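Here is the structure we will look at.
Here the structure is a predicted model, which means the values were calculated and not measured. By convention in this document, chain letters (A, B, ...) are assigned in the order of the sequence lines, proteins followed by strands, and residues within each chain are numbered from 1.
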Protein chains: 2
Amino acid sequence: MLVRSTPLSPAELRTFPLLKPLREELLLELGTSAHALELAANESLFRAGEPATALYGVLAGSIVLYRSSADGREQIVHDSGAGRTIAEAAVFLYGSFPVNARAGARGARLARVDGARFLELLDRDPSAMHSVLAALCRRLHELVDRVEMLSLPDAGQRLARFILRLPAEGRAGTFRVRLPVAKKDLAAQLAMTPETLSRVLKRWRDQAWAVVQEEEIELLDIAAIEELSGEP
Amino acid sequence: MLVRSTPLSPAELRTFPLLKPLREELLLELGTSAHALELAANESLFRAGEPATALYGVLAGSIVLYRSSADGREQIVHDSGAGRTIAEAAVFLYGSFPVNARAGARGARLARVDGARFLELLDRDPSAMHSVLAALCRRLHELVDRVEMLSLPDAGQRLARFILRLPAEGRAGTFRVRLPVAKKDLAAQLAMTPETLSRVLKRWRDQAWAVVQEEEIELLDIAAIEELSGEP
DNA sequence: CGGAATCTTGAACGATTTCAACGGTAGTGG
DNA sequence: CCACTACCGTTGAAATCGTTCAAGATTCCG
């Protein structure tokens with residue numbers, strides 16, 4: 001874990017929607033108690049149960065939040081890309097991390113912000129408080145979506161829904177996406193085995209519904225995938 | 001839907017952990033913009049997409065939060081018993097309800113609190129703000145638990161985990177629980193069919209792991225169920 | 001250039017869903 | 001008050017789907 005201990009600039013901190021509404025002076029102050037971190041691929045950031053003394057923002061790469069079961073299975077709770085903040089909730093409760101965190105397959109660059117300092121700031125700036133509240137509410141909705149997706153009984157349905165919610169590249173009428181994580185991790189996120197994921201994609205290929213190349217997926221028959229997903 | 005339009009007393013409002021830390025005067029004020037509601041079994045409270053102008057607290061009975069899929073399946077996001085508050089998140093975002101809500105099998109008595117009035121209050125009382133923040137964080141953790149549970153591949157495992165987290169009655173060493181919802185709803189919550197739930201319970205009975213009577217379940221072999229659940 | 005890890009594919013097994021039928025219960029209306 | 005209906009819960013049998021185990025292909029990293 002590489003640490004750069006120079007303060008983070010307000011501009012850097014403003015990449016996070018959570019901090020964006022803070023006044024310049026507060027960001028400057030917050031920057032002095034913040035560091036930048038660099039994590040290698042799959043490197044651990046923190047483990048569930050450790051006391052949460054800081055919150056983190058993802059500057060580049062991605063952070064995977066996961067639980068591990070007794071039998072070694074790894075359940076991915078969320079994959080956080082650039083601009084996301086992590087562990088605010090744990091910091092608020094003055095509690096400990098409820099999940100494990102590690103860098104994604106391509107490593108990660110992070111901002112580490114001192115928790116106590118952050119809490120102080122919130123009490124001084126109501127708009128910051130509102131921003132945090134809104135961020136938590138959005139996270140809540142994401143998790144509700146997640147719960148709904150996981151309760152779909154069919155593996156293909158879950159994958160279809162996941163892909164359709166990904167930001168698509170390309171012209172209107174076409175649908176190209178780049179998987180944000182390794183297929184292994186994606187499978188865990190969708191509550192299926194990597195084998196099943198591979199087979200679902202193969203089926204889509206065989207039926208000419210999609211073209212799959214490495215981490216790029218292009219949907220040829222969007223209507224079919226949408227119908228499979230249950231709802232657009 | 002039966003409405004009692006007399007104000008709610010601070011004592012009544014204080015049944016909700018969310019409102020507990022509010023000063024007496026604020027609760028009095030909040031009470032004047034609050035009503036009590038009475039819902040029959042399965043009666044609808046609100047539907048997903050409607051603008052959220054109020055939040056609700058469960059005084060008695062239960063409220064089921066759910067999504068319905070295109071094919072008519074009903075996925076239960078949460079079952080909220082007495083003391084729970086509902087829809088704070090939607091009110092904060094000045095948004096619309098992300099899920100449907102209806103009364104549980106035994107109906108529900110609710111407090112309806114005006115959203116705008118509540119938001120005002122929060123800005124005047126920092127401790128109230130903290131309380132709300134903490135409540136949202138706890139909800140977040142609950143959902144993370146839920147996501148983890150739903151990703152367990154085995155139906156028996158999911159049921160075991162659910163039951164072990166229920167508040168148990170009885171003396172130490174014994175474990176009796178009363179299911180908080182109808183078996184049909186419980187099955188939906190655990191992402192399985194009612195048939196599968198029935199069969200899992202039958203298996204537990206046959207192996208003398210549990211006694212099932214109506215909505216009462218007594219675990220005879222707690223160790224076995226705990227091992228099945230994957231972790232205590 | 002190994003070597004590890006990921007991804008893919010095959011086959012067999014196990015589990016859950018589906019479809020169907022039945023008993024019980026609660027609520028309705030005569 | 002009693003029949004009638006509707007729904008819930010249970011059980012059975014068959015089919016489907018996903019997992020597991022195993023092996024081969026590929027990529028990436030040291």
Distance, rounded to the nearest Å, where [X] contributes [atom1] and [N] contributes [atom2]:
X	N	atom1	atom2	result
B:Trp204	D:dT10	CH2	P	14 Å
B:Leu201	D:dT11	CG	C1'	14 Å
A:Lys202	D:dC17	NZ	P	17 Å
B:Leu197	D:dT10	CG	C1'	11 Å
B:Arg203	D:dG12	CZ	P	14 Å

### Task
Report which part of the nucleic acid B:Ala191 touches: base, sugar-phosphate, or nothing (heavy-atom distance under 4.0 Å, all strands).
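Result for B:Ala191 = sugar-phosphate.
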### Task
Provide the full list of ring-ring contact (aromatic ring centres under 6.0 Å, His included) pairs with a residue in residues 34-78 of chain A, sequence neighbours left out, each pair given once.
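As it turns out, the ring-ring contact (aromatic ring centres under 6.0 Å, His included) pairs with a partner in residues 34-78 of chain A, which skip direct neighbours, are A:Phe46-A:Tyr56, A:Phe46-A:Phe97.
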Can you tell me if the side-chain N/O atoms of [X] get under 4.0 Å from OP1 or OP2 in [N]?
X	N	value
A:Thr193	D:dT19	yes
A:Thr196	D:dT19	yes
B:Lys183	D:dG9	no

Decide whether [X] and [Y] meet the rule of one side-chain donor and one side-chain acceptor closer than 3.5 Å.
X	Y	result
B:Ser229	B:Glu226	no
B:Thr85	B:Glu88	yes
A:Glu74	A:Ser68	no

### Query
Hey, can you pull the residues of residues 154-162 of chain A with a non-hydrogen atom under 4.0 angstrom from DNA chain D?
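Residues of residues 154-162 of chain A under 4.0 Å from DNA chain D: A:Asp154, A:Ala155.
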### Query
DNA chain C: A:Pro153 or A:Val181, which has the more 5' nearest nucleotide?
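Nearest-nucleotide comparison on DNA chain C picks A:Val181.
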#### Entry: Non-neighbouring partners of A:Arg178 that pass side-chain hydrogen bond (donor to acceptor under 3.5 Å, both in side chains), sequence neighbours left out
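A:Glu216.
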### Query
Taking only residues two or more places apart in sequence, or in another chain, which ones meet A:Glu215 in a side-chain hydrogen bond (donor to acceptor under 3.5 Å, both in side chains)?
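So A:Glu215 forms a side-chain hydrogen bond (donor to acceptor under 3.5 Å, both in side chains) with A:Arg106.
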### Nucleotide-resolved protein contact map, nucleotides 21-30 of chain D, B/S/- at heavy-atom distance under 4.0 Å
B---------
List the atom pairs, with distances to 0.1 Å, where a side-chain N or O of residues 12-20 of chain A and a protein N or O form a donor-acceptor pair under 3.5 Å, not counting sequence neighbours.
unit_1: A:Glu12; atom_1: OE1; unit_2: A:Ser9; atom_2: N; d: 3.1
unit_1: A:Glu12; atom_1: OE1; unit_2: A:Ser9; atom_2: OG; d: 3.4
unit_1: A:Glu12; atom_1: OE2; unit_2: A:Arg4; atom_2: NH2; d: 3.3
unit_1: A:Arg14; atom_1: NH2; unit_2: A:Glu24; atom_2: OE1; d: 2.5
unit_1: A:Thr15; atom_1: OG1; unit_2: A:Glu12; atom_2: O; d: 2.7

### Query
A:Phe162: what forms a ring pair (Phe, Tyr, Trp, His ring centres under 6.0 Å) with it, not counting sequence neighbours?
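Applying ring pair (Phe, Tyr, Trp, His ring centres under 6.0 Å) to A:Phe162 gives none.
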#### Entry: Five-pair end axes of the helix from C:dC1-D:dG30 to C:dG30-D:dC1, angle between them (10°)
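About 50°, once rounded to a multiple of 10°.
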### Boundaries of the DNA chain C segment in contact with chain B, non-hydrogen, under 4.0 Å
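With heavy atoms of chain B under 4.0 Å away, the range is C:dT16 to C:dC19.
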### Query
Are the side chains of B:Arg109 and B:Leu37 in touch, meaning some heavy atoms are under 4.5 Å apart?
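Side-chain contact under 4.5 Å: no.
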### Message
Nearest 0.5 Å, please: how far is CG in B:Asp221 from CD in B:Glu227?
### Response
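Rounded to the nearest 0.5 Å, the CD-CG separation comes out at 9.5 Å.
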### Message
Between the side chains of B:Arg102 and B:Asp185, is the shortest nitrogen-to-carboxylate-oxygen separation below 4.0 Å, so that they form an ion pair?
### Response
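Answer for the salt bridge query: yes.
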Between side-chain atoms of residues 202-211 of chain A and protein atoms elsewhere (two or more places apart, or another chain), which donor-acceptor pairs fall under 3.5 Å?
none

### Residue list, salt bridge (charged side-chain N to carboxylate O under 4.0 Å, His left out) with B:Glu50, at least two apart or on another chain
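None.
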### Query
For B:Asp145, what residues pass the salt bridge (charged side-chain N to carboxylate O under 4.0 Å, His left out) criterion, not counting sequence neighbours?
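Residues passing salt bridge (charged side-chain N to carboxylate O under 4.0 Å, His left out) with B:Asp145: A:Arg67, B:Arg165.
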